[in-house]
Amino acid sequence: MLKIGTLGKATASVALAALMLTGCSSNNDSTKSSSKISSTKSQTKKAVKENTTKLKTQKINLSQSEALNKFNEQFKDKKIKAIDLELENNKYIYKIDGFDMNKEYTVNIDANSGKILNTHSEKLDLDEHLQKGINLDKTITREEASKIAEKHATGTSQEWKLEQDNNQPIWEVKVVSANKETKVKIDAINKKVLHVEKD
């Protein structure tokens with residue numbers, strides 16, 4: 001009887017130890033599981049951000065220089081006044097404005113297909129005769145402007161405008177996050193941030 005009792009206690013002790021180990025293992029598993037879930041959420045957010053960037057890049061198949069070539073095919077040897085790249089009806093459109101001594105010229109181009117959507121010209125206003133065109137060889141690229149803007153605003157660059165302001169080329173970049181928009185103005189030559197406007 002005594003031997004059986006001792007054996008029973010020993011068995012119970014072993015069973016209890018096994019239960020405790022299982023419990024610890026279960027706790028470790030749940031800790032591992034929650035850290036896996038946390039890691040998965042982080043990876044999902046990253047993937048969504050990357051996919052959004054890729055989607056945006058896919059919609060802009062036409063580079064700025066290719067868009068300018070299309071402008072020059074329509075209106076040769078004109079000075080460039082402004083280059084817009086903006087979303088219209090979920091589609092990226094280049095709007096390029098140029099000028100000469102007499103007229104102002106505009107060409108709208110689908111940034112995905114490269115198709116010219118429309119062209120327009122009109123007589124130059126008297127006060128515009130002294131304006132200077134943008135020296136594109138001296139300005140930073142749209143990609144550089146985006147990187148600078150995203151350091152000063154939360155979100156992803158979504159729309160861009162390069163234009164002359166008092167004969168100084170300025171990039172205006174619209175940075176968009178889930179709940180806000182920020183416009184960042186950057187000197188297109190020395191890369192200095194001139195103004196940050198939050199909506």
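Note that the structure is a prediction, hence the values are computed from the model and not measured. Just so you know, residue 1 is the first one in the sequence shown, and it goes up from there.
Within the 4.5 Å cutoff, no side-chain heavy atoms of Y105 are placed close to those of Q74. Side-chain atoms of L87 and E159, non-hydrogen and from C-beta on, do get closer than 4.5 Å to each other. Proximity of L117 to E88: side-chain heavy atoms (C-beta onward) are nowhere separated by under 4.5 Å. Contact check for F75 versus D100: no side-chain heavy atoms found under the 4.5 Å cut-off. A heavy-atom distance below 4.5 Å is found between the side chains of Y92 and Q158. Looking only at side-chain heavy atoms (C-beta outward), K70 and L62 come within less than 4.5 Å of each other. The shortest distance between side-chain heavy atoms of S177 and N179 falls below 4.5 Å. By the 4.5 Å heavy-atom criterion applied to side chains, N135 and P169 are not counted as neighbours.
Taking each heavy atom of R142 and Y94 in turn, the nearest pair found is NH1-OH, 3.2 Å. Taking all atoms of both residues into account, the shortest heavy-atom contact from G133 to Q164 is O-NE2, 3.3 Å. For the residue pair N112 and D110, the shortest heavy atom distance occurs at N-OD1, 2.7 Å. Of all heavy-atom pairs between I140 and W171, the closest is O-NE1, 2.9 Å. Of all heavy-atom pairs between I186 and A149, the closest is CD1-N, 4.0 Å. Taking all atoms of both residues into account, the shortest heavy-atom contact from F99 to K81 is CD2-CB, 3.9 Å.
The structure places NZ of K123 at 8.5 Å from CG of N102, a figure rounded to the nearest 0.5 Å. The NZ atom of K103 lies 12.5 Å from the OG1 atom of T106; values are rounded to the nearest 0.5 Å. Note that CD1 of I80 is 6.0 Å distant from CD1 of I96, once rounded to the nearest 0.5 Å. In this structure, CG on L194 lies 14.5 Å from NZ on K191, to the nearest 0.5 angstrom. Residue K174 holds its NZ atom at 8.0 Å from CG of D199, rounded to the nearest 0.5 Å. Residue N69 holds its CG atom at 11.0 Å from CD of Q64, rounded to the nearest 0.5 Å.
Using modelled atom types, no side-chain atom of E172 and backbone atom of K183 make a donor-acceptor pair closer than 3.5 Å. Listed for the Q168 side chain is no donor-acceptor partner under 3.5 Å among the backbone atoms of D187. Not a single donor-acceptor pair under 3.5 Å links the side chain of D97 to the backbone N or O of A82. W160 contributes no side-chain N or O that, together with a main-chain N or O of A145, makes up a donor-acceptor pair within less than 3.5 Å.
V196 is connected to V173 through a chain of hydrophobic side-chain contacts under 4.5 Å among Ile, Leu, Val, Met, Phe, Trp and Tyr, so both are in one cluster. Follow the hydrophobic side-chain contacts under 4.5 Å out from L85 and you never reach I93; the two are in separate clusters. No path of Ile, Leu, Val, Met, Phe, Trp and Tyr side chains, each step under 4.5 Å between heavy atoms, connects I170 with L162, placing them in separate hydrophobic clusters. Under the 4.5 Å side-chain contact rule for hydrophobic residues, V184 and V176 do not share a cluster.
Under a cut-off of 6.0 angstrom, the local environment of NZ in K185 is sparse, with at most 12 non-hydrogen atoms contributed by other residues, nucleotides or ligands. Atom CG of N166 has 12 or fewer heavy atoms from other residues, nucleotides or ligands within 6.0 Å.
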